[in-house]
Amino acid sequence: MLIDKLLLTGIGILSVLFIVYIFFFYFKIFFVRKKIGVQVILGISTLIIWQLSVFKIDENFPITWKLFMTIGFTLFAVINVFIGKFLEQCFFAIIFDALWMLTETLVGNLLLIYCETIMDLRLLGAFASKILFLVVIVALKKVFMKEEIQELSSKYSLLLIFIPLGSIYIMNAVFILAHEAKKEYAGIY
């Protein structure tokens, strides 16, 4: 029992370190990292503590508050770790969290469709969603570096936020409806 608990704790820590790596990989595309100091350590520590404690938040806590807290902690970390304009940091923090939710929703719904006991596969789902998230960010980096996109206007930035948010809503509705209607059709959708 103790070994299982230690193993789960180790996997949780590796998962958080993987997210910190993805965090730096993503935001280095758009911003320059500050030199190591109290502010940078505070930003990274906040991100790590939030990721370690997010699983312990009560299930009855409203999802909208969890979402706002996630965006807030991500934005706080970005402001403390990277140099950039505040509005751009807000935009890319929201996009980061939206892309992350999009990959988690996709992997979660696929596990819901193809696996009967989703709760037994939480670690697999978490790992798969982080790998998919990294793949999406690598693709995003290639697009931004190849096209040499350096700055977006605020109008386009605002419109771009709605793409992953709308995708999350539509994708989740389609998967849940397909799952509820007939399980065999869910795989096709």
Chemist: Phe92, Phe76: one ILVMFWY side-chain cluster at the under-4.5 Å cut-off?
Modeler: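 Different clusters: Phe92 never reaches Phe76 through Ile, Leu, Val, Met, Phe, Trp or Tyr contacts under 4.5 Å.
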
Chemist: Write down the atom of Thr74, the atom of Ala93, and the distance for their closest heavy-atom approach.
Modeler: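 Smallest heavy-atom distance, with atoms named: CG2-CB, 4.1 Å.
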
Chemist: Taking atom CZ of Arg33 and atom CD1 of Ile44, what is their separation to the nearest 0.5 Å?
Modeler: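 If we round to the nearest 0.5 Å, Arg33:CZ and Ile44:CD1 are 7.0 Å apart.
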
Chemist: In terms of hydrophobic clustering (I, L, V, M, F, W, Y; side-chain heavy atoms under 4.5 Å; direct or indirect links), are Phe23 and Ile36 co-clustered?
Modeler: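 In one cluster: yes.
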
Chemist: When you compare the side chain of Trp100 with that of Ile19, does any pair of heavy atoms fall below 4.5 Å?
Modeler: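 In contact.
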
Chemist: Should Leu47 and Val16 be counted in the same cluster of Ile, Leu, Val, Met, Phe, Trp and Tyr side chains packed under 4.5 Å apart?
Modeler: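 Same hydrophobic cluster.
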
Chemist: When rounded to the nearest 0.5 angstrom, what distance separates CD in Gln39 from CD1 in Ile79?
Modeler: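 Answer rounded to 0.5 Å: 9.5 Å.
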
Chemist: If you measure from CD1 on Ile71 to CD1 on Ile95, what distance do you get to the nearest 0.5 Å?
Modeler: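 It comes to 10.0 Å.
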
Chemist: Going by atom types alone, do Thr70 and Asp97 pair a side-chain donor with an acceptor below 3.5 Å?
Modeler: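 Checked: Thr70/Asp97 side chains show no N/O donor-acceptor pair below 3.5 Å.
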
Chemist: For Leu14, which fellow cluster members are found when Ile, Leu, Val, Met, Phe, Trp and Tyr are connected by side-chain heavy-atom distances below 4.5 angstrom, either directly or through intermediates?
Modeler: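 For Leu14, no cluster forms, as it stays isolated from other hydrophobic side chains.
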
Chemist: Given the rule that I, L, V, M, F, W and Y join up when any side-chain heavy atoms are under 4.5 Å apart, are Val138 and Leu99 in one cluster?
Modeler: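 Shared cluster, yes.
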
Chemist: Let me confirm one number: the CD1-CD1 distance from Ile13 to Ile48, rounded to the nearest 0.5 Å.
Modeler: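 Rounded to the nearest 0.5 Å, the CD1-CD1 separation comes to 10.0 Å.
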
Chemist: Enter the distance from Ile22:CD1 to Thr103:OG1 here, rounded to the nearest 0.5 Å.
Modeler: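 Going from CD1 on Ile22 over to OG1 on Thr103, the span is 8.0 Å.
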
Chemist: Decide yes or no for Leu134 and Tyr21: does some side-chain heavy atom of the first lie under 4.5 Å from some side-chain heavy atom of the second?
Modeler: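 Yes. Closest side-chain heavy atoms under 4.5 Å.
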
Chemist: Taking the six-membered ring where the residue is Trp, are the ring centres of Phe31 and Tyr26 under 6.0 Å apart?
Modeler: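 For Phe31 and Tyr26, the ring centres are not under 6.0 Å apart.
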
Chemist: What closest approach, in Å, do Ser129 and Glu104 show between heavy atoms, and which atom pair accounts for it?
Modeler: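 Shortest heavy-atom separation between Ser129 and Glu104 comes out as OG-CG, 3.5 Å.
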
Chemist: Do Val107 and Ile131 come within less than 4.5 Å of each other through their side chains, counting heavy atoms only?
Modeler: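 Heavy-atom side-chain distance check fails, nothing below 4.5 Å.
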
Chemist: Please determine whether residues Val78 and Phe25 belong to a single hydrophobic cluster, defined as Ile, Leu, Val, Met, Phe, Trp and Tyr linked transitively by side-chain heavy-atom distances below 4.5 Å.
Modeler: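 Yes, it is one cluster - the side chains of Val78 and Phe25 are joined through contacts under 4.5 Å.
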
Chemist: Step through it carefully: locate the ring centre of Phe96, locate the ring centre of Phe133, and say whether they are under 6.0 Å apart.
Modeler: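 Yes, ring centres under 6.0 Å apart.
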
Chemist: Taking C-beta and beyond as the side chain, do Phe24 and Val81 meet within less than 4.5 Å on heavy atoms?
Modeler: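 Phe24 vs Val81: side chains touch.
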
Chemist: Using a 3.5 Å distance criterion without hydrogens, assess whether the side chain of Gln51 forms a donor-acceptor pair with backbone atoms of Ser15.
Modeler: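 No; zero donor-acceptor contacts below 3.5 Å.
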
Chemist: For the atom pair CZ (Phe27) and CD (Gln89), what is the distance rounded to the nearest 0.5 Å?
Modeler: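 Rounded to the nearest 0.5 Å, the CZ-CD separation comes to 8.5 Å.
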
Chemist: Mind listing the closest non-hydrogen atom pair of Gly43 and Ala77 along with its distance?
Modeler: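 Looking at all heavy atoms of both residues, the shortest contact is O-CB, 3.5 Å.
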
